[in-house]
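For reference, the structure is listed below as structure tokens.
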Amino acid sequence: LFGVAMSSHVHAFLSHSGRGILAAVAINDAGIRYEPGPAVMLPHSSSIASIGQAVVDTLSRYCHKDRNLRDYKKTEWPAFRASGLKSVRAFEQVFRYVAVERDASRLTLTRFEQDHAAIDTVHFPAECSVEDIGSGFMQLARRAGWQTSAEPGASPNGGPAKPSGSSGASEGPPSVS
């Protein structure tokens with residue numbers, strides 16, 4: 001892939017009760033992104049820095065890993081499994097998808113609604129701190145009216161985060177049917 005800027009991705013899921021799940025992402029030979037392994041449930045009392053560090057750690061697990069997804073079942077979905085919920089339908093009703101993408105120039109967090117519409121985006125420079133990333137997650141959560149238990153950090157409209165409103169992105173939740 002010479003001359004192509006590589007980016008890394010994480011699938012994040014946030015619930016209105018303040019629960020968060022992070023899942024590493026892989027891309028197969030067909031160019032489809034999927035969650036190859038176990039997802040991580042963020043502790044309810046996570047600090048802003050620990051949320052940011054968990055995102056950075058999960059981004060580092062992004063890889064190319066071929067997998068035939070033809071027989072992939074939604075019940076195998078790592079984020080769903082980490083939630084502990086009894087059905088994928090319940091998971092999709094309780095959690096909202098946040099796409100995390102890092103490339104050479106920036107890190108972007110984009111929150112999606114249940115209908116897969118991108119509704120909120122926060123951008124950071126690629127070299128941002130773990131506190132910036134954690135604060136960005138909390139900004140998205142607060143603006144959505146979600147309960148958050150992370151320690152207070154930068155004000156929702158302060159710091160280096162630059163909310164850009166709807167991104168117009170068309171990517172939806174990563175579940176594969």
Side-chain angles (χ1 to χ4, degrees), residues 1-44 46 50-104 106-124 126 133-134 136-137 140-141 144 146 166-177:
L1 300 174
F2 298 102
V4 177
M6 295 300 293
S7 59
S8 54
H9 302 263
V10 166
H11 293 160
F13 300 88
L14 299 173
S15 74
H16 284 279
S17 66
R19 294 174 61 203
I21 297 172
L22 297 175
V25 174
I27 188 166
N28 69 8
D29 287 346
I32 299 170
R33 291 187 202 122
Y34 69 98
E35 297 170 16
V40 177
M41 178 70 77
L42 293 172
H44 196 31
S46 296
S50 66
I51 291 168
Q53 187 62 55
V55 170
V56 169
D57 293 345
T58 308
L59 278 166
S60 72
R61 295 180 14 225
Y62 180 80
C63 65
H64 177 269
K65 184 176 182 181
D66 197 32
R67 178 175 179 182
N68 182 346
L69 298 172
R70 198 172 300 269
D71 296 324
Y72 187 80
K73 296 177 179 70
K74 279 190 169 187
T75 55
E76 296 176 48
W77 184 10
F80 158 67
R81 287 183 170 196
S83 74
L85 294 173
K86 294 182 191 262
S87 72
V88 171
R89 183 176 183 184
F91 175 82
E92 290 175 333
Q93 290 175 342
V94 171
F95 286 88
R96 293 298 176 264
Y97 174 52
V98 176
V100 180
E101 181 175 3
R102 175 177 255 162
D103 61 27
R106 70 181 181 180
L107 182 132
T108 303
L109 306 171
T110 304
R111 182 171 57 92
F112 291 85
E113 273 302 325
Q114 195 169 15
D115 65 1
H116 305 224
I119 60 167
D120 200 359
T121 301
V122 179
H123 299 284
F124 299 95
I133 296 167
F137 263 95
L140 290 178
W146 297 339
S166 179
S167 69
S170 59
E171 180 181 338
S175 58
V176 177
S177 299

Nearest atoms (heavy-atom pairs only) where [X] meets [Y]:
X      : Y      : result
Trp77  : Glu92  : CZ3-OE2, 3.8 Å
Ala39  : Ala23  : CB-CB, 3.9 Å
Gly136 : Leu109 : C-CD1, 3.7 Å
Pro78  : Tyr72  : CD-OH, 3.3 Å
Ala79  : Phe91  : O-CE1, 3.6 Å
Thr110 : Ala118 : CG2-CB, 3.8 Å

Task: Student check: side-chain heavy atoms of Val55 and Arg102 closer than 4.5 Å - done: no
Distance (rounded to the nearest 0.5 Å) between [X] [atom1] and [Y] [atom2]:
X      : Y      : atom1 : atom2 : answer
Ser8   : Glu101 : OG    : CD    : 8.0 Å
Ile119 : Arg111 : CD1   : CZ    : 3.5 Å
His9   : Thr58  : NE2   : OG1   : 14.0 Å
Ser50  : Asp57  : OG    : CG    : 10.5 Å
Leu14  : Ile51  : CG    : CD1   : 8.5 Å
Arg106 : Ser7   : CZ    : OG    : 11.0 Å

Open item on the list: With side-chain hydrogen bond (donor to acceptor under 3.5 Å, both in side chains) as the criterion, how do Thr121 and His123 come out once you've worked through the C-alpha distance, each side chain's angles and the decisive distance to 0.1 Å?
Closed with: CA-CA 7 Å; Thr121 301; His123 299 284; 5.3 Å; no
TODO: Look at the rings of Phe13 and His11 and say which category their plane angle falls in: under 30° parallel, 30 to 60° tilted, over 60° perpendicular.
DONE: perpendicular
Open item on the list: Using 30° and 60° as the class boundaries, would you call the ring planes of Phe112 and Tyr97 parallel, tilted or perpendicular?
Closed with: parallel
Holding to side-chain contact (heavy atoms from CB on, under 4.5 Å), I want the full list of residues that pass it with [X], two or more places apart in sequence or in another chain.
X     : result
Gln93 : Arg89, Gln114
Asp66 : Asn28, Asp29
Ala12 : Leu22, Val98, Val100, Phe137

Task: Working for side-chain contact (heavy atoms from CB on, under 4.5 Å), residues Arg61 and Val40 - done: CA-CA 12 Å; Arg61 295 180 14 225; Val40 177; 4.2 Å; yes
Task: Stepwise side-chain contact (heavy atoms from CB on, under 4.5 Å) test for Ile27 and Tyr62 - done: CA-CA 8 Å; Ile27 188 166; Tyr62 180 80; 3.7 Å; yes
TODO: Go through Arg81 and Glu35 one step at a time and tell me if the side-chain contact (heavy atoms from CB on, under 4.5 Å) criterion holds.
DONE: CA-CA 11 Å; Arg81 287 183 170 196; Glu35 297 170 16; over 6 Å; no
Open item on the list: Can a donor-acceptor pair be found, under 3.5 Å and without considering hydrogens, that links the side chain of Ser15 to the backbone of Arg19?
Closed with: yes
Open item on the list: Which residue in the set Leu140, Leu107, Thr108 passes side chain to side chain contact (heavy atoms under 4.5 Å, CB included) when paired with Val122?
Closed with: Leu140
